[in-house]
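Here the structure comes first, spelled out in structure tokens, and everything after it is commentary.
Worth saying up front: this structure is predicted, and the values here are computed from it rather than measured.
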Amino acid sequence: ILLIDEVDVFFSKDFYGNTYRPLAKLVDPVITSLIDMLWAKRNDRSLNFFKIKNSSEFQKLIKKFPVYEKVLEETVKTMLYDMKDLDEHSKLYQVIEDQIGYKDQDQISFDISYGYKTLFSYYKENENGKISPSTLNDKKYIIIDCGEISYAEVPKMYECRLGVSGTLSTLSPFQKDLLVDEYNIKKYTFTPSVYPQGTRDYAPDKDITIEKQVGHFNFLTNEINARSQVNQSSLKRPILVFFESTQILMDYYNSPAGASLKHKIKCVTESVSSEDKESIIRQATSPGSVTILSREFGRGTDFIIYDDNVSTCGGVHVIQTFLSEEKSEEVQIMGRAARQGCKGSYSMILSSKNLEKFQIPETGDEGSVAAMKKSGKYIDRLDKQRNSTQGQEWSGIKISVREMLKSHKETLNFLSLLRNTPSSLTIPEYLLNRNKSCYVEEATPSRTIILMDATGSMSSLLTNAKNTVKTMFSRAYAVIEQDKQGAIFDVQFVVYRNYNSPIEKLLEYSAWENKPDNLYKFMDNISASGGWGCEAAECGLWHVNEEIRKHPDEVASKVVSQVILIGDMPPNTKDEVTKKRENKGESYWKETQFKKPTYYEDELKQLVDNKVKIHTFYLRNAAQETFQEMATKSGGECSYLDMSTNIDKAADILTDLVTTKILVDLGGASDGAKMVETYKQMFGYVK
């Protein structure tokens, strides 16, 4: 019997469409000696796999683990690859209190690992005096990938599936269909609350306000002041304000709009200590208090009213400052008020910029912000667009779940062998396949930069890119295995926004990778935000040229073989670059890599001169002219990328597009077309 608590959590990105990855750690003095030797010789240009294989350190390792010789050979190849470009990798992490932590949305996580890149980063930071010898020694082990268990398949392993949820009615149509079609859950029992109903004051259309980004914080302060006031009474209601991210929360706290309330605002984010959180949450329901919280505290946090006067004057008021991707989250945040029969109220103060990710424009037809304001009808349109956006994203999740099934079954078979016949020769063979390295000595990889607009309107595409990256790689390697064995490729993800974003958000990029796992981790940390008309694609092109400039002795097209540019707006014009930089001032920019303005025309010319093809794909007609220019001048392809007409196929379209472009470059003039044809025969192709 399987019991599922909160089914909407099961459908969240951490579970459905994701996997549990069992990893084994091999710790032994011979392993320590091998890794120490690799690090000591990392700058030796003559170092190669053959030399390592014949070293005394590796021979001692094989003697210790003879059955897994082939697995360990592949491990060493992966280590050789992961030792490269550590300076670039260092931009992804921070060293805090003797640990390497990676950015995880607004937080720093010490649970994220990029495999041997992380291991060798510990060596690097130890030499820099930031990591102690004892901590470094704790990291010296070999990682054996033992498979992946698909969370989507786990419920099917149980004969009886039961669940309890307070948000069942808020599931999206796609999620409800999955419960019936995939898990055969067809019976629902709705149990009424033991507490009185009708104690929450919330009228969906009346209590939703949408403001332009420039006035959003000011309106929010006005809402806090208005909602806290109780007629002519001196008693004020407590206010809870939920923000989409810690960054936006702090932007409000430090803004002129928040200044008048700063003396009484209490902040709750995941970085606050447990003791402080407990104290602030206890005081959050006190009369006149204003508590601002990141979205994580909208679920499961109990705000108990201790003062009867608060209930008398209307209870706690909750303000949500963003539209949730999941309706269930909205219901949970709303539920922080009027708990257990107490009075309370709820309102939403939204920024029109936040709605871009749901394809809701400021002006236009009946679905625009302007039309909603004119009619006074909000909630139906917001829910409709939320479901539509989910539909695009779920197309990628469904591909991911489908592709995981084979690996899931193989992992279960492996676990069965471990339990029943641990001496089976099938076990090392399985582990060899799981830990196969993509590193091929002397081979020249095809190197593709996938350059994407990461502003608000591109939310669904970014999600699909993350959810399908493993599929892209597995399909590409399947074709390589059949048509061009020994061929290899590297991919780098690069995202850009605009000059109103902080410098660390204006341009973000991964390391070069030849396996998808690390790219998935990078994209999992990228969220759509910002936007300002024409976007800063010129900064993305600048990065491509910067990659080439790092290797002056190499042919440019070998450093970057091709660029796949995906966006919905053209680059900024020269005048727009000048004007938008004035928003932060040149004193700000002179401390960044963009101390000098960069323009797409100049960056494009350099790429054309270096014979780097740019394949461009636009989602809106506004980008067509400039995207066509970039493709034509560089010898690339330009096409309209329709991600909205056929929502169910949006992720398939993206997967086919990127994977076939990689295969064409890998195969070249002689084999490229053949490899694409093989791809179509193996996986189909969505036009």
Side-chain angles (χ1 to χ4, degrees), residues 392-400 402-403 446-454 457-480 489-496 510 513 516 519-520 523 526 537 540 544 560-569 612-621 623-624 627-628 630-632 634-668 672-687:
Q392 293 182 36
E393 296 176 356
W394 273 86
S395 67
I397 293 171
K398 286 190 287 187
I399 288 179
S400 181
R402 188 172 69 230
E403 296 286 334
S446 162
R447 307 188 94 207
T448 298
I449 286 181
I450 301 175
L451 178 59
M452 291 184 290
D453 178 348
S457 58
M458 298 291 288
S459 177
S460 294
L461 184 125
L462 291 171
T463 300
N464 277 328
K466 178 193 74 174
N467 288 331
T468 59
V469 64
K470 295 181 181 180
T471 303
M472 294 173 188
F473 272 72
S474 65
R475 290 184 178 184
Y477 280 120
V479 174
I480 289 170
F489 65 93
D490 294 342
V491 171
Q492 183 184 63
F493 274 133
V494 181
V495 300
Y496 61 88
S510 72
E513 302 287 355
L519 289 172
Y520 181 92
M523 289 301 293
I526 299 296
V544 180
V560 179
S561 308
Q562 61 180 350
V563 177
I564 298 174
L565 170 60
I566 307 174
D568 63 356
M569 292 297 287
V612 176
K613 288 184 179 180
I614 308 173
H615 302 290
T616 59
F617 299 90
Y618 59 94
L619 281 74
R620 293 183 187 174
N621 290 333
Q624 181 178 4
F627 275 41
Q628 183 67 65
M630 289 189 278
T632 300
S634 66
E637 173 190 337
C638 176
S639 295
Y640 171 60
L641 185 57
D642 186 358
M643 302 288 283
S644 57
T645 302
N646 192 347
I647 291 177
D648 287 342
K649 296 296 182 181
D652 292 283
I653 292 169
L654 183 64
T655 303
D656 294 343
L657 181 156
V658 173
T659 312
T660 54
K661 283 288 173 284
I662 290 172
L663 293 173
V664 167
D665 190 72
L666 265 173
K674 176 188 174 186
M675 294 177 78
V676 170
E677 191 57 37
T678 299
Y679 176 91
K680 291 179 179 179
Q681 291 173 4
M682 295 174 76
F683 307 108
Y685 191 89
V686 180
K687 294 184 179 179

For Tyr679, all residues meeting ring pair (Phe, Tyr, Trp, His ring centres under 6.0 Å), sequence neighbours excluded: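 Once residues adjacent in sequence are excluded, the partners of Tyr679 under the ring pair (Phe, Tyr, Trp, His ring centres under 6.0 Å) criterion are Phe683.
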Test ring pair (Phe, Tyr, Trp, His ring centres under 6.0 Å) applied to Tyr618 - qualifying residues, sequence neighbours left out: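 Expected list: Tyr640.
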May I ask you to test the [X]-[Y] pair for a side-chain heavy-atom distance under 4.5 Å?
X	Y	value
Leu461	Asp568	no
Lys680	Val676	yes
Val491	Glu513	no
Ser457	Met569	no
Phe627	Met630	yes
Phe493	Ile526	no
Lys398	Asn467	no
Val658	Thr468	no

Is it the case that the side chain of [X] and the backbone of [Y] share a donor-acceptor pair, with hydrogens and angles ignored and the cut-off at 3.5 Å?
X	Y	value
Ser634	Ile614	yes
Asn464	Gly396	yes
Asp453	Met458	no
Gln562	Lys661	yes

From [X] atom [atom1] to [Y] atom [atom2], the distance as rounded to the nearest 0.5 Å:
X	Y	atom1	atom2	result
Ile450	Ile566	CD1	CD1	7.0 Å
Ile653	Gln392	CD1	CD	10.0 Å
Arg447	Phe489	CZ	CZ	13.0 Å
Ile480	Phe473	CD1	CZ	9.5 Å
Leu657	Leu641	CG	CG	6.0 Å
Leu565	Met452	CG	CE	10.5 Å

Exceeds 12 heavy-atom contacts within 6.0 angstrom, atom NZ of Lys613: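 Open.
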[X] versus [Y], closest heavy-atom pair with distance:
X	Y	result
Val469	Pro516	O-CB, 3.9 Å
Ser510	Leu519	OG-CD2, 3.4 Å
Ala651	Ser395	N-OG, 3.2 Å
Ser400	Thr471	CA-OG1, 4.5 Å

By side-chain contact (heavy atoms from CB on, under 4.5 Å) - contacts of Val494 (at least two apart):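 side-chain contact (heavy atoms from CB on, under 4.5 Å) check on Val494 returns Ile449, Leu451, Gln492, Leu507, Tyr509, His543.
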Electrostatic pair Arg475:Asp656 at N-O distance under 4.0 angstrom: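 Looking at Asp656 together with Arg475, the answer is yes, because their closest N to O distance falls below 4.0 Å.
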